[in-house]
Amino acid sequence: MKIKTLLSCMMLPLLVSCNGENEQQLTEEILRPVRTLEVMPTTGKLRREFPAVVDAARSADLSFRISGVIKEMPVKEGDRVEKGEVIAMLDQADARIELKVRQANYETALANYNRGKKLVAPGHLSQADFDKLKNEYASAEAQLIAAKQTLGYTVLKASFDGRISKRHVELHEEVSAQERIVTLQDMSSLTIRIQVPESVMLRSRKDSQDNDYFVQFESIPEQRFPLKLKEAAIIADAENQTYQVSFTTPRVAGYTLLPGMNALVTVESSNGLAQADFHVPASSVMEDGEGRFVYTVMPEREDVLPSAGENSPDKPGIGIIERRAVTTGVLDARGLLITSGLSQGDHVLTAGMSQAQPGMKVLWSPDQAF
C-alpha cells in the first residue's frame with residue numbers, strides 16, 4: 001500500500017506537467033493571431049487621383065465645302081499658322097469658268113431689266129413681261145453670288161492661330177466635300193481631360209466641396225501644376241458610364257507637351273468633417289439584424305497594450321474582441337466614414353471578422369494608423 005502511494009506521489013508532478021503542457025497547447029490553438037488598425041480622426045483633404053489625357057485648348061479638323069483636286073498645300077505638320085493664313089487650295093479652273101458664265105448671264109439680265117423699267121412706264125411693255133425680266137435679273141444675281149462663293153470655297157484658311165498637328169491628304173489628291181484636310185490645334189494653353197465615375201460625380205455635387213485641382217505629367221513627375229475647371233459633362237459616356245471633366249492650364253515653359261500625352265490629375269477636396277469622424281476600411285464593417293458594427297480588440301491588461309510602433313510579431317499582445325455598433329456615412333478614397341461608435345485610439349479588426357466572437361481572446365499587434 002505504501003508502494004502504491006509512493007508511486008502515485010511520484011507520478012503526480014508528471015501528470016501536472018503534462019496537463020500544463022496540454023493546456024498551453026490548447027491556449028495557443030485558441031488564440032488566433034490578428035491584426036488591427038488604429039483609428040484616428042480624419043484630418044487634411046481628401047485626395048482622389050484620375051488618369052488624364054492632354055489635349056489642345058482648341059482643336060478643329062479643317063475641310064473644303066466643295067470637292068476638287070488639291071493644287072497647293074504650303075503647310076507641313078508642325079507648322080505654326082495665323083488666323084486667315086492659306087492652308088490649302090483646290091484647282092480653280094472649273095470654278096473660274098463657272099464664275100465667268102454667271103457674270104455674263106448677270107450682265108445680260110441686268111441690261112434687260114434696266115430697259116424694261118424704261119418701257120413699262122409708258123406702256124410699251126406689259127407688266128407681266130417686266131416681272132419676268134425682273135425675276136431673271138434676281139436669279140442671275142443669286143447665281144453670280146453663288147459662283148463667287150464657290151470660287152472662295154476652293155481656298156482653305158486657318159480659322160484661328162495654331163499649329164498643323166496632322167495633314168490628312170497630299171498635294172494633287174482628289175478630295176470630297178467635308179473630307180478632313182488638316183487638323184489645326186491651338187497650343188497656347190492645354191486642356192486636361194479625365195473620366196469620372198458616376199459615384200464620384202454624385203458625391204461631389206452632394207457634398208458641395210471646395211476642390212483644388214493639380215496635374216502631373218509623365219515627363220515632369222517631380223512637379224505638379226494647378227488646374228482650372230473648364231467644364232463637366234452632364235451626360236454619361238454610353239460605353240463606360242463615366243462623365244468627362246475638362247480642365248485648363250497654361251503651357252509649361254521649357255517642355256514640349258503634346259495632345260495625347262498621359263498625365264495624372266489630383267483632386268483635393270475639403271468638406272469640413274468633424275473631428276469626431278473616422279474612416280475605416282469598408283471590409284471591416286459588417287451588418288446583421290441589429291445594424292452595422294465593427295469588432296475592436298481591447299488589451300487583456302492595460303500594461304500590455306501594443307502600440308503602432310511595436311509591430312514585432314515576436315511580442316504580440318493578448319487582446320479581447322468587442323463588438324461596437326457604428327453609424328456610417330459615405331464611402332470614399334479614405335475608406336468608410338464612421339460618424340459614431342468609435343473613439344480615437346480604438347483598434348479595429350481588419351481580417352477574420354467572420355470567425356470572431358465578442359469576448360474571444362486573440363494574439364494581436366496593431367498596424368499603422370488609418
Side-chain angles (χ1 to χ4, degrees), residues 37-59 77-80 160-166 183-201 203-205 207-233 237 240 242-273 275 277-282 308-309 311 330-337 350 367-370:
L37 288 176
E38 182 180 357
V39 295
M40 300 297 290
T42 300
T43 59
K45 292 185 176 183
L46 167 63
R47 291 168 55 93
R48 296 190 184 98
E49 294 182 341
F50 301 91
V53 176
V54 179
D55 202 353
R58 287 186 293 175
S59 182
E77 290 183 357
D79 284 354
R80 187 184 299 276
F160 51 82
D161 296 347
R163 284 186 180 273
I164 304 298
S165 63
K166 181 70 175 178
T183 299
L184 177 63
Q185 294 183 324
D186 176 9
M187 300 297 294
S188 59
S189 61
L190 299 175
T191 295
I192 311 297
R193 305 187 191 280
I194 63 174
Q195 299 295 327
V196 178
E198 176 182 342
S199 58
V200 175
M201 289 291 288
R203 190 155 55 247
S204 298
R205 291 171 181 172
D207 293 346
S208 299
Q209 299 168 335
D210 294 327
N211 297 325
D212 295 318
Y213 310 103
F214 303 92
V215 62
Q216 288 177 280
F217 302 101
E218 289 187 350
S219 56
I220 325 173
E222 69 281 1
Q223 298 183 52
R224 69 176 191 172
F225 304 90
L227 294 173
K228 182 179 180 181
L229 181 63
K230 180 180 180 181
E231 59 186 3
D237 182 89
N240 52 30
T242 59
Y243 296 80
Q244 181 171 276
V245 180
S246 301
F247 307 88
T248 60
T249 185
R251 288 193 59 82
V252 181
Y255 292 90
T256 302
L257 299 173
L258 301 175
M261 289 185 173
N262 295 324
L264 183 69
V265 168
T266 300
V267 181
E268 295 184 351
S269 305
S270 176
N271 58 358
L273 289 173
Q275 284 297 306
D277 292 338
F278 308 93
H279 284 85
V280 301
N311 270 345
V330 298
L331 176 66
D332 57 35
R334 293 168 292 188
L336 185 60
L337 175 64
T350 58
D367 205 343
Q368 69 277 6
F370 187 81

message: With side-chain contact (heavy atoms from CB on, under 4.5 Å) as the criterion, how do L190 and R251 come out once you've worked through the C-alpha distance, each side chain's angles and the decisive distance to 0.1 Å?
response: CA-CA 6 Å; L190 299 175; R251 288 193 59 82; 3.7 Å; yes

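- Side-chain contact between I164 and K166 is absent, with no heavy atoms from C-beta onward closer than 4.5 Å.
- Side-chain atoms of F214 and L227, non-hydrogen and from C-beta on, never get closer than 4.5 Å to each other.
- Pairing each heavy atom of A263 with each of V54, the nearest pair is CB-CG2, 4.3 Å.
- Residues passing the ring-ring contact (aromatic ring centres under 6.0 Å, His included) test with F160, sequence neighbours excluded: none.
- By the ring-ring contact (aromatic ring centres under 6.0 Å, His included) test, F217 pairs with F225, sequence neighbours left out.
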- request: Begin with the C-alpha distance, continue with both residues' side-chain angles, and end with the deciding distance and a verdict on side-chain contact (heavy atoms from CB on, under 4.5 Å) for S188 and D161.
  value: CA-CA 9 Å; S188 59; D161 296 347; over 6 Å; no

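- A donor-acceptor contact shorter than 3.5 Å links the side chain of T191 to the backbone of A56.
- Minimum heavy-atom separation, A52 to I194: CB-CG2, 3.5 Å.
- Contact annotation: the side chain of F247 approaches that of V245 to within less than 4.5 Å [non-hydrogen atoms, C-beta and beyond].
- Residues T249 and S189 are not in side-chain contact: their nearest non-hydrogen atoms beyond the backbone lie 4.5 Å or more apart.
- Side-chain contact between L257 and V252 is present, with heavy atoms from C-beta onward closer than 4.5 Å.
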Residue pair T248, I192: steps toward the side-chain contact (heavy atoms from CB on, under 4.5 Å) verdict: CA-CA 6 Å; T248 60; I192 311 297; over 6 Å; no

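- Proximity of a side-chain donor or acceptor of R163 to a complementary backbone N or O of D79 within less than 3.5 Å is not detected.
- Remark: side-chain polar atoms of Q216 are paired, donor with acceptor, to backbone N or O of P221 under 3.5 angstrom.
- When every heavy atom of M187 is checked against every heavy atom of L258, the shortest pair comes out as CE-CA, 4.3 Å.
- Side-chain contact between R58 and Q185 is absent, with no heavy-atom pair separated by less than 4.5 Å.
- Atoms CG and CG, on D186 and L184 in that order, are 8.0 Å from each other to the nearest 0.5 Å.
- Between V267 and F50 the shortest side-chain heavy-atom distance falls below 4.5 Å.
- More than 12 heavy atoms of other residues, nucleotides or ligands lie within 6.0 Å of NZ in K230, so this atom counts as buried by the packing criterion.
- In terms of modelled atom types and a separation under 3.5 Å, the side chain of S165 and the main chain of T183 share a donor-acceptor contact.
- Atoms CG and CD, from D212 and E268 in turn, are 6.0 Å apart once rounded to the nearest 0.5 Å.
- Contact check for R224 versus T266: side-chain heavy atoms found under the 4.5 Å cut-off.
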